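First up is the structure itself, then whatever we jot down about it.
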Number of protein chains: 2
Amino acid sequence: MLINPRPSEIPAAAHDRVYRTLRSRIMYGDIAPGQAMTLRGIGEEFEVSMTPAREAARRLVAEGALSMTSSGRVSTPELSGERIEELAALRALIEVELASRALPRAHMALIERLQMINTSIADQIARQDAVGYIRTNLEFHRTLYLRAQAPAMLAMAEQVWLQLGPTMRALYGRLRRKELPHFHRLIVAALKAGDEPGLRLAVRSDVTQGLKMLVR
Amino acid sequence: MLINPRPSEIPAAAHDRVYRTLRSRIMYGDIAPGQAMTLRGIGEEFEVSMTPAREAARRLVAEGALSMTSSGRVSTPELSGERIEELAALRALIEVELASRALPRAHMALIERLQMINTSIADQIARQDAVGYIRTNLEFHRTLYLRAQAPAMLAMAEQVWLQLGPTMRALYGRLRRKELPHFHRLIVAALKAGDEPGLRLAVRSDVTQGLKMLVR
DNA sequence: AAACCCGCTTTGTGATCACAAAGTATGCAT
DNA sequence: ATGCATACTTTGTGATCACAAAGCGGGTTT
C-alpha cells in the first residue's frame, strides 16, 4: 500500500513557500508601500536560488501584490487615491455579495466564532499591533465569507485585500483606533437577526469607511 | 540625447510574448476546456527555453486562466456548474458598475464605435466564427468599460473573462446564434438615452443570459 | 482475465552561468 | 560648485543541466 507514507508532512515546493510568506507579509501590512526588493535578495533570505524567488515575485506581480518597473524591478505598490477608491468599491461589491450568500448558512456556531474574533481584534487594538489588527480583521471577514461557499468570489476578494495590504498599514497609522470597529458589531447583529439589507449595509460601511480616509 | 533610439520597436521579453499569445488563445476560446500542455511543449512552440515558458504558464495559473495539478502539470480548467455561476455573478457585479461609471462619460463618438463593433459581431455570427465572435463581443464590453476610467476594475473583469474563456467556446457551440444579441442593442439605447437603471439591467442581462445555459 | 510490479520515459523543479541593461558612483572639465 | 561622461556594480533574463517524481507500458503472477 503506502500511498502516502507521511500525510502530515507535505514538502511544499520552494517557490510556494517563498510566495506564501511574502504574500502574508504584504497582505497584512508588514511591508510599507514603495518598498523595493531584489530577486537575489529574496533568494538569499529564503536560502533558495533566484529561480524560485523569481517565480514567487512574478506570481505576486500577477496578483497585483507587487508592482514592476519596465526594467523588471519589483516593489510594493504606492497606490494613487483613485486606485484606492476603485479597490474600496470592489471590496464593497464583492464582499456584500459574499456576506449576502453566507447569511442563509450562518448558524450560531459561526456567529460565536465571529464574536471570538472580535474580542481578539479588540486585543490587537489595545496592543497597538498594526499587523495583528489587519490580519485578525481580515480573518473576521474571511470566516464569514467562507460560509458563502463561493471560492472564486472569495479569491477575488482576497486579491483585493492583497493589493491594499501595504496601504492598509499606512491607514492604520492615521486612524489610531481605540475600540473595535462598531460595524463589526452591526454585522454580527444583522446575522443574528437574519436581516439581509442590514447585513449588506453593515458590510459595505465597514469595508468603505477606513479607505475613505486615505483618498482625501 | 537619444534616450529612446527606436520608440516603436519594443523588444518585448520572451516570457511576455509567450504569456500574451497564450492569454489571447485562452480568453477568446481558442483552447478547449481540459486541454493539457507541457512546459517543454510551450517552449518548443515559441522557440524559447523552459524558463520563459514556465513563467508564462505560472502567470496564467495565478490569473486562473490555467489550472495546475499537484504535480505541476497545467491545463485549461474544466469549470463546474457552481463555478460558472460564481463567475457569471462576478461579471454581473463588476461590469454593471463599470458600465454605470462609463455612462456619464459616454459621448456620441463612443456610441458610434460600439455600433460599429456590433455590426462586426453580426459579421462573425454570419461567418460562424466562434473565436472571432467571442473576441469581438469582449471588445464591445471593453470599449465601453474603458470609458469608466477604472483600470483596477477593468483588470478584474478581464480576469473573469480569462477564466471563462475555454468555457465560452463550449457555450457558443450550444446556442447557435443567428443574430446579434439584442441586449447589445439595449445597452446602446440606454447609453443614448442616459438611462442608468436601463443600462444596468441591460448589461446584467447580457452578461448573465449566455452563462445560464451552461449551469443547467 | 485482472491486478500488480517493475522498467523506461516524460515532465516539473531548482541551481548555475553568461549576458545585457539599468543603476550608481566616481572623477573630470567647465 | 555644477554638470556630464565614464567605469563599475547591481540586477533581471534566459539557457542549460542534474535530479526526482509522476506517468505509462509491458510483462508476470495469481
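All values reported here derive from a predicted model rather than from experimental measurement. A note on names: the letters A, B, ... follow the listed sequences, proteins ahead of strands, and every chain is numbered from 1.
Counting to the nearest Å, the P atom of D:dG12 and the NE2 atom of B:H15 are 12 Å from each other. Rounded to an integer number of Å, the gap from CD of B:E55 to C1' of C:dT13 is 14 Å. Whole-Å rounding puts the B:F46 CZ to D:dA15 P distance at 13 Å. Note: CG (A:D16) to P (C:dT13) measures 10 Å, nearest angstrom. As rounded to whole Å, 10 Å separates atom C1' of C:dT24 from atom CZ of A:R73. Residue A:L39 contributes atom CG, which lies 20 Å from atom P of C:dC19 at whole-angstrom precision. Taking atom CD1 on A:I42 and atom C1' on D:dT11, their separation rounds to 12 Å, with Å as the unit. C:dT10 atom P lies 19 Å from atom CE of B:M37, rounded to whole Å.
Using modelled atom types, one finds a donor on one side chain and an acceptor on the other under 3.5 Å when comparing A:Y19 with A:E63.
Using cut-offs of 30° and 60° on the angle between ring planes, the pair B:F140 and B:H184 is parallel. Relative orientation of the B:H141 and B:W161 rings is perpendicular, given thresholds of 30° and 60° on the angle between their planes.
Of the listed nucleotides (C:dA22, D:dT11, C:dT13), C:dA22 has the atom at the smallest distance from the side chain of A:S71. Listed nucleotides D:dT13, D:dA15, C:dG14 differ in distance to B:P52; the shortest reach to its side chain belongs to D:dA15. Side-chain proximity of A:S49 to D:dT11, D:dT13, C:dT16: nearest is C:dT16.
Residue contacts for A:T51: at a heavy-atom cut-off of 4.0 Å it reaches a base atom on one of the strands shown.
Contact of the B:T119 side chain with the B:Q115 side chain is not registered, since no non-hydrogen atoms from C-beta on lie closer than 4.5 Å.
Toward the 5′ end of DNA chain C lies the nearest nucleotide of B:R54, the other residue of the pair A:R40 and B:R54 mapping further downstream.
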